[in-house]
Amino acid sequence: MTSSNIRLYNSLTRTIEPFVPQTPGEVRMYVCGVTVYDDCHLGHARSQMVFDTLHRLFLETGHRVRYVRNITDIDDKIIRKAREAGRPISEITGRYIDSFHRDMVRLGILSPMAEPRATEFLSGMITLIERLLSVGAAYPSGGDVYFRVRRFPGYGELSHQVLADLLAGARIEPGEEKEDPLDFVLWKGAKEGEPSYPSPFGEGRPGWHIECSAMSLHYLGPTLDLHGGGLDLLFPHHENERAQSEAATGVTFSRMWVHNGFVTTRETKMSKSLGNTRQIRNFFEESPYPEEVTREWLRYFFLSTHYRSPVDFTDQALASAKLALDGLYQCLALLSEAEETRQGAEDDAWEFRRAFMEALSADLDTPVALSVLHAAKSRINPWLASGRLGRAPADPGAVRALFELAGRTMGVLRVDPSRWVTGLREAGSKGPSGLTEEEISHLVILREEARKNRDFSKADAIRDRLKESGIVLEDQPGGPPRIRRI
RNA sequence: GGCGGCGUAGCCAAGCGGUAAGGCAGAGGUCUGCAAAACCUUUAUGCGCCAGUUCGAAUCUGGCCGCCGCCUCCA
C-alpha cells in the first residue's frame, strides 16, 4: 500500500502539487539540520517537528523513507566559539551534537536514516568541486574556489529573485577575489590559525552550501524527492545548493522544496542575532510537567498552526494548547474503560481515519487534523461520561484507533492517560506543588474523613490548601477523588 | 529598492468562489454538601478598509492602511 494522496506546497513553483516520488513507494528526503555551535532553540524545534510529521506521514502511507539530515560541524561561528572558549573545535561540536540529540529525544523526533557530518564528507565535497571546475561552473581565485553564478541559467528560480536585483544587495568581503559579486565560495583557502584540510585546490575548508550537495548526492543520488528546511534557508543556502548540484549533475536536484515558517516572539522572528531565542532544553527544564508530557504539549502547540505560517510563542497560546490536549486525554481516559462495540465499528474507523489522513495529506494541515480528534471526542464523550448507556454514537475502538493514528503521525496522545493527569516529574520527589506524593495523599485522606463526618468546612480548607499548591481535587461518585495538577 | 507573507470572534486558529471548522476563555443549565471535572445549550449577518469582477467573495482583481520576513550567518 504505497499510493497516497499527499499534496505539498512547492516553494519552487509556488503551488500545491501532488507529491509523486521518482520511485513509487520510496521517498528520498533531505532536510537541513543544524550548525553545532550552540544549543538549539524553539525555531529548530518547530522545523524538526514539521519534517518529523512529514516523515511519519510518509511512513503511515506505506513509504520507505530515506531521510537524511546533515550536521554542519565546520564553519566560521564554530571556529570563533572554539577560539573564544579556548577549546578544540571537536570539543565544541561534540558538545552541541550531544545537546542536539538530547533535544531530538525530548521532542520525540524519529531518527533519520543517516546524519552525516560535514567533516566526514570532505572527499565527497572535493570531488564535487572538481567536477564543477572541470565543467567551467567554478574557478579558483586567490586560494579560494568560487561558483560562477552567471553560468547557471536557472539561478534565482527557487527564491524567485532576478540576478539584477540580487546584485544590488550582493557584496564582496575584503580579501575575496570574485569574478562577480554574486559568486559564492565553494572552498575557502586556509587562513592563519584556522583549521584546514588538504585538497587539490590547496589547504582550506568547504563553503557552507557544498556539504548538502555532496551528502545528498552520496546517500540519495542526484535527484531528491523532497528537500526541506526553514524559510530562512531558501536564499541563499538552497538556491546555491541547487545551482551547484544541477551544474554538476545536469539533472533536477530536488523535485520539491518545502519550507517551514518561523517561530516568533512578539511577532518578530526568533533568531540568535536578535537575542530573543528560547532554548529547547530550557523550555523542558522549566516545564512543570514530566518530559513525556512537555513533549506533547509543545508538539500540540506547534502543530496547531499550519507549518507555513509564523507561530507567535506566547504564554496564552501555550496554555490554551495544554488545555486542549488535556481534554483529549480526558476522553482517552474514559475510553480506556470502554469496550469495543458492535455494528458500524468499521465504518467509524474508516471515517475517522479518512478525515484525519485527508487533512494531513492536504499540505500537512495539522490544525485540521487536530480538529478531527476533537470532533471524535465530542461525538463519543457524552456516551462515555453518562455511563455508556444505550447505543454508542461511535465505536470506542475506532476512536482509540484514531488517537493511535495521531500518536504515530503527530506524536501526541501517546502517554498513559492516568500518568498524563496525575504524573509528577518523578515518583517520590517533590513536584511543582512542593509537596511529595505521600504528603498529598495524606491530605486527601484527611479530607475524606472530614467529608465522611460532614465537616465540610474542614474538608474545603484542605482542598483550598491543595489548590494553592496547584493540586485540584475532583470528587468522583463512589471512588476516591481524582488528583489533577494545574 | 527587489521579492514574499500576514491581518478571520476576548485569545489561538482552519477555510482560499457557494453562503464562517476546531480549541481556549465567557454565559446559562445538569450533576455536586459546596466545588471541580464531565456533559448539554450558547457566543462573528461577518472575515483590516475602499472599490470592482461574479447569480454568489473571507476566498478572485485593483487601491489603501497596519504588521512581519528574505535579499548578510540563521530552522
Side-chain angles (χ1 to χ4, degrees), chain A residues 11 14 16 31-35 37-38 40-51 72 75-77 80 156 159-162 164-171 173 208 228-237 239 259-264 266-274 277 300-301 304-306 308-312 314-328 330-331 333-334 359 362 365-375 377-378 381-386 421 451 454-457 459-460 463-464 467 472-477 481-482 484 486:
Chain A
S11 300
R14 288 185 174 165
I16 291 173
V31 174
C32 289
V34 293
T35 301
Y37 71 101
D38 204 351
C40 291
H41 57 72
L42 292 167
H44 299 100
R46 162 130 103 144
S47 187
Q48 290 305 320
M49 247 178 231
V50 164
F51 292 103
T72 302
D75 113 313
D76 290 351
K77 274 177 295 210
R80 197 194 325 142
S159 57
H160 301 270
Q161 304 279 340
V162 296
D165 296 333
L166 243 22
L167 198 52
R171 61 167 75 164
E173 298 291 331
W208 175 35
L231 194 53
D232 45 6
L233 297 180
L234 183 59
F235 189 90
H237 185 52
E239 189 73 57
H259 293 97
N260 65 276
F262 301 126
V263 177
T264 62
R266 290 188 205 173
E267 298 187 341
T268 38
K269 183 187 169 187
M270 187 178 278
S271 85
K272 294 200 187 138
S273 46
L274 292 175
T277 58
Y300 190 101
F301 170 72
S304 63
T305 300
H306 185 86
R308 284 193 278 120
S309 300
V311 178
D312 207 35
T314 66
D315 289 344
Q316 195 174 20
L318 221 39
S320 172
K322 178 63 168 56
L323 288 161
L325 237 195
D326 286 347
L328 256 14
Q330 177 74 29
C331 180
L334 291 171
D365 200 339
T366 52
V368 168
L370 291 174
S371 79
V372 173
L373 266 27
H374 286 284
K377 182 201 82 169
S378 301
N381 252 359
W383 179 77
L384 291 172
S386 65
V421 177
R451 288 184 70 207
R454 305 196 67 79
D455 184 356
F456 294 121
S457 60
D460 290 351
R463 187 172 62 194
D464 288 346
K467 190 171 183 182
V472 175
L473 292 189
E474 296 170 3
D475 293 334
Q476 308 208 92
R482 186 160 54 192
R484 193 168 59 87
I486 51 173

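So that the names make sense, note that chain A is the first sequence line, chain B the second, and so on, each numbered from 1.
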Could a donor-acceptor pair under 3.5 angstrom be found where the side chain of [X] meets the base of [N]?
X: A/D460; N: B/G33; answer: yes
X: A/R463; N: B/A35; answer: yes
X: A/D475; N: B/C34; answer: yes

Do A/K467 and A/D464 sit within salt-bridge range, that is, some charged N less than 4.0 Å from a carboxylate O?
-> no
Might you point out which heavy atoms bring A/G43 and A/V263 nearest each other, and give the distance in Å?
->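 Closest pair (atom of A/G43, atom of A/V263, distance): CA-CG2, 3.8 Å.
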Heavy-atom closest pair (A/F301 atom, A/D312 atom, distance to 0.1 Å) is CZ-O, 3.7 Å
Categorize [X] for me: base, sugar-phosphate, or nothing, with a 4.0 angstrom heavy-atom threshold over every strand shown.
X: A/G33; answer: sugar-phosphate
X: A/Q316; answer: sugar-phosphate
X: A/F235; answer: sugar-phosphate
X: A/N260; answer: base
X: A/F262; answer: base
X: A/H41; answer: base
X: A/L42; answer: nothing
X: A/G43; answer: base

Among B/C71, B/C3, B/A14, which nucleotide sits nearest the side chain of A/R14?
->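 The answer is B/C3, which lies nearest to the side chain.
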Want to settle it: does A/A319 or A/V311 sit nearer the 5' end of RNA chain B, counting the closest nucleotide to each?
->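 It is A/V311 whose nearest nucleotide is closer to the 5' end.
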Are the side chains of A/T366 and A/M49 in touch, meaning some heavy atoms are under 4.5 Å apart?
->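 No - every pair of side-chain heavy atoms lies 4.5 Å or more apart.
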Could you state the atom-to-atom distance from CG of A/D312 to P of B/G69 in whole Å?
->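 Interatomic distance, CG of A/D312 to P of B/G69: 11 Å.
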